[in-house]
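Starting from 1, each residue takes its place in the sequence as its number.
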Amino acid sequence: MPGLLSDALAWAAIVTFVSGALLVRRNDRAARYVTAAAWGLFAVFWLQLVPHFAFEHKSYIEGFLSLAAVPACLYAGYLLYAGRDTLFVLSKAVAVMGVIYLPFETIPAFTLLGLSVPAPRGVLMETVAAQTKFLVNAFGYHPEFITGDQGYLNTFLFMDGDHRLSVSVVLACTGLGSMAIFAGLVGAVEAPLRRKFRALAIAIPIIYALNLLRTTFITITFGKQYFQFFVDEILLLFGSSDPYMVSFFISDRIISQFLAVVALVGITYLVVREVPELLTVIEDVLYMVTGDEYDLRDALDLDAPAGRGGSGSV
């Protein structure tokens with residue numbers, strides 16, 4: 001995220017979501033007010049991210065999604081306030097996602113009782129970078145592996161003649177965001193633990209493996225400049241003047257982000273087969289988009305779950 005403002009807004013929104021989730025079974029009215037306010041804070045959070053994604057990060061997909069999230073969050077808060085109680089599940093999912101993701105995003109390295117504790121983001125970034133390096137080397141490429149601008153061993157350096165081409169594995173490249181989304185969704189619904197664990201055992205390894213393939217693909221194609229197609233058009237599209245960035249824009253911003261959306265849809269289907277309770281969340285999202293009610297359980301021909309509650313087996 002861009003900086004302290006984003007961190008502060010993110011924590012404020014997530015703490016408010018968590019507070020609302022804790023209030024649901026104690027004081028329904030207070031939970032409704034608090035959670036609706038959390039959605040308002042979440043809208044502000046996404047609004048201030050739009051320039052970062054669209055103009056600094058030069059990701060039109062992420063910029064568009066950030067912009068679309070603003071009215072979506074406000075509408076979710078309004079519907080919840082007006083009495084659509086099923087949105088408490090989606091709200092709880094956002095709370096869980098934030099609790100998983102934000103420590104990696106915001107907690108710095110520190111020293112406790114003489115013991116140096118590394119920043120969680122650094123540990124994750126260096127781990128994914130090292131595994132990417134293994135795959136890049138396995139494909140026959142051997143760029144120099146160096147410390148990046150953030151002070152972590154997470155950067156690959158290629159040389160194109162005298163020109164240096166570096167690509168770094170940052171937090172957004174670790175797959176943590178997608179894994180946190182599925183963990184939040186699965187954690188928010190009322191379902192037997194065995195089915196929840198099965199769903200996560202499907203989603204998390206697939207996301208992690210596909211992400212490693214993505215970082216490897218981008219590292220190689222950018223480092224070796226394999227996608228130098230439609231140079232002028234791509235530079236105009238992404239508002240850049242550096243022709244060396246064309247392969248990066250095509251491999252990351254176009255190909256990888258498109259395939260990521262396709263992969264997430266497929267993973268969602270597999271997870272829903274294990275935890276059909278998640279359909280409540282998807283139905284709420286569809287209602288916010290279309291204004292129509294849906295019964296996806298019948299549409300997908302899913303049987304009713306055999307058990308409910310926080311533990312048990314099927």
Side-chain angles (χ1 to χ4, degrees), residues 1-57 59 61-108 119-121 124 170-172 174-189 264 278 280-282 284-289:
M1 289 188 287
L4 291 177
L5 174 61
S6 288
D7 291 350
L9 283 171
W11 275 115
I14 295 305
V15 168
T16 310
F17 273 117
V18 171
S19 300
L22 294 175
L23 284 169
V24 168
R25 295 184 180 180
R26 301 178 182 180
N27 188 325
D28 179 82
R29 185 176 182 180
R32 194 178 306 280
Y33 291 156
V34 170
T35 309
W39 282 109
L41 285 171
F42 211 34
V44 176
F45 166 74
W46 287 113
L47 180 62
Q48 57 87 35
L49 278 181
V50 173
H52 168 72
F53 283 130
F55 304 119
E56 296 179 36
H57 201 52
S59 172
I61 293 177
E62 290 174 311
F64 171 77
L65 292 176
S66 298
L67 183 61
V70 176
C73 290
L74 294 174
Y75 189 41
Y78 166 76
L79 289 175
L80 181 61
Y81 181 81
R84 192 174 179 90
D85 288 353
T86 52
L87 281 169
F88 277 121
V89 179
L90 178 58
S91 303
K92 182 180 177 182
V94 174
V96 177
M97 294 174 203
V99 168
I100 293 172
Y101 186 86
L102 284 182
F104 287 90
E105 178 65 49
T106 61
I107 296 179
R121 66 184 291 126
L124 183 58
V170 297
L171 189 62
T174 62
L176 176 64
S178 297
M179 290 187 285
I181 288 173
F182 281 96
L185 291 171
V186 172
V189 299
L264 289 177
L278 284 174
T280 298
V281 176
I282 299 174
D284 278 334
V285 172
L286 289 175
Y287 176 79
M288 288 191 292
V289 173

Engineer: Would you call Leu264 and Phe182 a side-chain contact if the rule is heavy atoms closer than 4.5 Å?
Structural biologist: yes

Engineer: Do Val94 and Trp39 come close enough that some side-chain heavy atom pair is under 4.5 Å?
Structural biologist: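 Result yes, sub-4.5 Å side-chain heavy-atom pair found.
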
Engineer: Which heavy atom of Ala180 sits nearest to which heavy atom of Ile100, and what is that distance?
Structural biologist: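 Looks like CB-CG2, 4.0 Å.
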
Engineer: Taking the side chain as everything from C-beta on, heavy atoms only, tell me whether Phe45 gets closer than 4.5 Å to Leu41.
Structural biologist: no

Engineer: Which heavy-atom pair separates Thr106 from Trp11 by the least distance, and what is that distance?
Structural biologist: OG1-NE1, 2.9 Å

Engineer: Could you tell me whether the side chain of Arg121 and the main chain of Glu105 form a donor-acceptor pair under 3.5 Å?
Structural biologist: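 Yes; judged by distance alone, with no hydrogens or angles, the pair exists.
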
Engineer: Is Thr174 reaching over with its side chain to a backbone N or O of Leu171, donor-acceptor style, under 3.5 angstrom?
Structural biologist: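 Confirmed, Thr174 side chain pairs with Leu171 backbone.
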
Engineer: So, taking the atom named CZ in Arg29 and the one named CG in Leu23, what distance separates them when rounded to the nearest 0.5 Å?
Structural biologist: 13.5 Å

Engineer: Can you find a pair of side-chain heavy atoms, one from Val18 and one from Leu22, that are under 4.5 Å apart?
Structural biologist: yes

Engineer: Find the distance between CG (Asp28) and CG (Asp85) and round it off to the nearest 0.5 Å.
Structural biologist: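 Those atoms lie 5.5 Å apart.
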
Engineer: Of all heavy-atom pairs between Lys92 and Ala188, which one has the smallest distance, and what is that distance?
Structural biologist: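 Shortest heavy-atom separation between Lys92 and Ala188 comes out as CD-O, 3.6 Å.
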
Engineer: Which value, rounded to the nearest 0.5 Å, describes the distance between Leu176 atom CG and Ile181 atom CD1?
Structural biologist: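 Answer rounded to 0.5 Å: 10.0 Å.
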
Engineer: Check for me whether Arg84 meets the cation-pi criterion with Tyr287, that is, NZ or CZ under 6.0 Å from the six-membered ring centre and within 45 degrees of the ring axis.
Structural biologist: yes

Engineer: If you compare all heavy atoms of Pro103 against all heavy atoms of Val99, which two are closest, and at what distance to 0.1 Å?
Structural biologist: CD-O, 3.1 Å

Engineer: Hey, what do you get for CE (Met97) to CE (Met179), rounding to the nearest 0.5 Å?
Structural biologist: 14.0 Å

Engineer: Provide the closest heavy-atom pair for Thr16 versus Ala12 in the form atom of the first, atom of the second, distance.
Structural biologist: OG1-O, 2.6 Å

Engineer: Write down the atom of Leu74, the atom of Gly40, and the distance for their closest heavy-atom approach.
Structural biologist: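 Heavy-atom minimum between the residues: CD2-CA, 4.2 Å.
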
Engineer: Is it the case that over 12 heavy atoms from other parts of the model lie below 6.0 angstrom from the OH atom of Tyr78?
Structural biologist: no

Engineer: Output the distance between atom CZ (Phe53) and atom OG (Ser66), rounded to the nearest 0.5 Å.
Structural biologist: 4.5 Å

Engineer: Which distance, rounded to the nearest 0.5 Å, do you find between the CG of Leu5 and the CD of Gln48?
Structural biologist: 5.0 Å

Engineer: Would Val281 and Leu185 satisfy side chain to side chain contact (heavy atoms under 4.5 Å, CB included), going step by step from the backbone distance to the final call?
Structural biologist: CA-CA 8 Å; Val281 176; Leu185 291 171; 3.8 Å; yes

Engineer: Would you say the side chain of Leu87 lies within less than 4.5 Å of the side chain of Leu90, judging by non-hydrogen atoms?
Structural biologist: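 Of all side-chain heavy-atom pairs linking Leu87 with Leu90, at least one is under 4.5 Å.
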
